[in-house]
Amino acid sequence: MILVTGISSSPGYKIGLKLSEKYDVLGVYNEHKVEGINSIKYDLSKEPEKLLFNYKPDILVHVAAIGNVDFCEENKKQCYKINVETTRNLFNEAYKRNIKIVYVSTDYVFDGKKGLYKEEDIPSPINYYGLTKLLGEEIALANGGTVIRIAAVYGMGFGRTNFGKFIIEKLSKNEKIEAAVDQYLSPTLNTQIGEAIVKLIEKDFNGLIHITGPRLSRFEFAIKAAEKFGFDKSLINPVSIEKFTFKAPRPRDSSLDNSLGIDVTGIELNNIDKSLDTFRSEYYAI
């Protein structure tokens, strides 16, 4: 059995959905119940070892975290408790029970000074959220786990409104949006993250790997999404990231090199047209 924490998040939901096509899956959520996946409500910050004792999974896919970057910057104690302490307690117990560990991390472990970071590049986070996720990576690897870095997740399903959904919802109402021309990311479809984790588990992959889309600026991604959905591109206003006010600093170029991810999974992670086709079909299927 595979236990997936953070099942109500955008990546967690699609990971659970894809895994449940082949495996017995139990999702864990804290506040927001999901449909279509066998799941339970559980506060991971309180005795996570009991969760593993009661359900005895073979694999633990740990997605749950406080992912609001600005919230983490202003609430460091709470962020550390959930993103680091809870992760440590879970993984230490999983290691004792010989449960395979899969930890879902982020591009924000990098400072964004060069972009297209490889797995062997040395992380250097510039915000507190990124720091807590880096500590989670180290805990996972110290316990023999696998770390999967994802980035700029978009797509349908549960979780907070992501940039992809935000773009489409605004443009569908003929509302203008602003998108940074000088912030580069690796926009990643949540469905492909789920597909990739299925492949990695099948191959019994162990180590650190990037599962992300191609390097694009937020503006480039918004334009491609508008084109795919047939919306008016002139509604997208190119601006500098300097125009936005954040409580936590953002990397200028946190794009990740996904060569290993493509080689291992065989998924066309760089095919943005294909990814947006999937996004579009899922959007109109709702």
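Since we're looking at a predicted model, the values are computed, not measured.
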*Using the test salt bridge (Lys or Arg N to Asp or Glu O under 4.0 Å), find all partners of Glu120 that sit at least two apart in sequence or belong to another chain.*
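Glu120: no salt bridge (Lys or Arg N to Asp or Glu O under 4.0 Å) contacts found.
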N/O donor to acceptor pairs below 3.5 angstrom from side-chain atoms of residues 66-79, sequence neighbours left out:
residue	atom	partner	partner atom	Å
Asn68	OD1	Asp70	N	3.2
Asn68	OD1	Phe71	N	3.0
Asp70	OD1	Lys247	N	3.2
Asp70	OD1	Ala248	N	3.0
Asp70	OD1	Arg250	NH1	2.9
Asp70	OD2	Arg250	NH2	3.4
Glu73	OE1	Tyr128	N	2.9
Asn75	ND2	Phe71	O	2.9

_Ser8 to Phe158 - nearest heavy-atom pair and separation_ =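 Result for this residue pair: O-CB, 3.4 Å.
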Under 3.5 Å, sequence neighbours excluded: what are the donor-acceptor pairs made by side chains of residues 30-41?
residue	atom	partner	partner atom	Å
Ser39	OG	Ile37	O	3.3
Lys41	NZ	Asn30	O	2.2

*Supply the members, apart from Tyr117, of the Ile/Leu/Val/Met/Phe/Trp/Tyr cluster built from side-chain contacts under 4.5 Å; use none for a lone residue.*
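Val109, Phe110, Leu134, Leu256, all in the cluster of Tyr117.
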*Answer with yes or no whether the side chains of Asn270 and Asn258 bring together a donor and an acceptor at under 3.5 Å.*
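A donor-acceptor contact under 3.5 Å links the two side chains.
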*asked:* Checking side-chain polar atoms at under 3.5 Å, does Lys133 have a donor or acceptor matched by the opposite partner on Ser105?
replied: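 No pair is found: no donor N or O on one side chain lies under 3.5 Å from an acceptor on the other.
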Heavy-atom count around [X] [atom1] within 6.0 Å, excluding the residue itself: above 12?
X: Lys81; atom1: NZ; value: no
X: Lys228; atom1: NZ; value: yes
X: Lys114; atom1: NZ; value: yes
X: Phe244; atom1: CZ; value: yes

Please check if [X] and [Y] belong to a single hydrophobic cluster, counting links between Ile, Leu, Val, Met, Phe, Trp and Tyr side chain heavy atoms closer than 4.5 Å.
X: Ile101; Y: Leu3; answer: yes
X: Leu185; Y: Ile168; answer: no
X: Ile148; Y: Val25; answer: yes
X: Phe219; Y: Tyr184; answer: no
X: Ile82; Y: Tyr108; answer: no

Does [X] reach the main-chain N or O of [Y] with its side chain, forming a donor-acceptor pair under 3.5 Å?
X: Asn127; Y: Pro249; result: yes
X: Thr132; Y: Tyr129; result: yes
X: Thr188; Y: Gly213; result: yes

*asked:* Using the rule given for side chain to side chain contact (heavy atoms under 4.5 Å, CB included), can you reason through Thr212 versus Asp107, listing the C-alpha separation, both sets of side-chain angles and the distance that settles it, and then say yes or no?
replied: CA-CA 9 Å; Thr212 66; Asp107 55 327; over 6 Å; no
With the threshold set at 4.0 Å, does a side-chain nitrogen-carboxylate oxygen contact exist between [X] and [Y]?
X: Glu137; Y: Arg149; answer: yes
X: Lys22; Y: Glu202; answer: yes
X: Glu85; Y: Arg88; answer: no

Exercise answer: donor-acceptor pairs, residues 259-266 side-chain atoms, under 3.5 Å, sequence neighbours excluded:
residue	atom	partner	partner atom	Å
Ser259	OG	Asp257	OD1	2.8
Thr265	OG1	Gly261	O	2.7
Thr265	OG1	Ile267	N	3.2

*What orientation do Phe279 and Tyr283 show, parallel under 30°, tilted 30 to 60°, or perpendicular over 60°?*
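If you compare the ring of Phe279 with that of Tyr283, the planes turn out perpendicular.
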*Please list, chain by chain and in numerical order, all residues satisfying side chain to side chain donor-acceptor pair (under 3.5 Å) with Lys203, sequence neighbours excluded.*
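Side chain to side chain donor-acceptor pair (under 3.5 Å) list for Lys203, sorted by chain: empty.
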*asked:* Using 0.5 Å steps for rounding, measure from the CD1 atom of Ile236 to the CZ atom of Phe231.
replied: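 Rounded to the nearest 0.5 Å, the CD1-CZ separation comes out at 10.5 Å.
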*Would you give the length of the straight line joining atom CG of Leu141 to atom CZ of Phe91, rounded to the nearest 0.5 angstrom?*
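That separation rounds to 9.5 Å.
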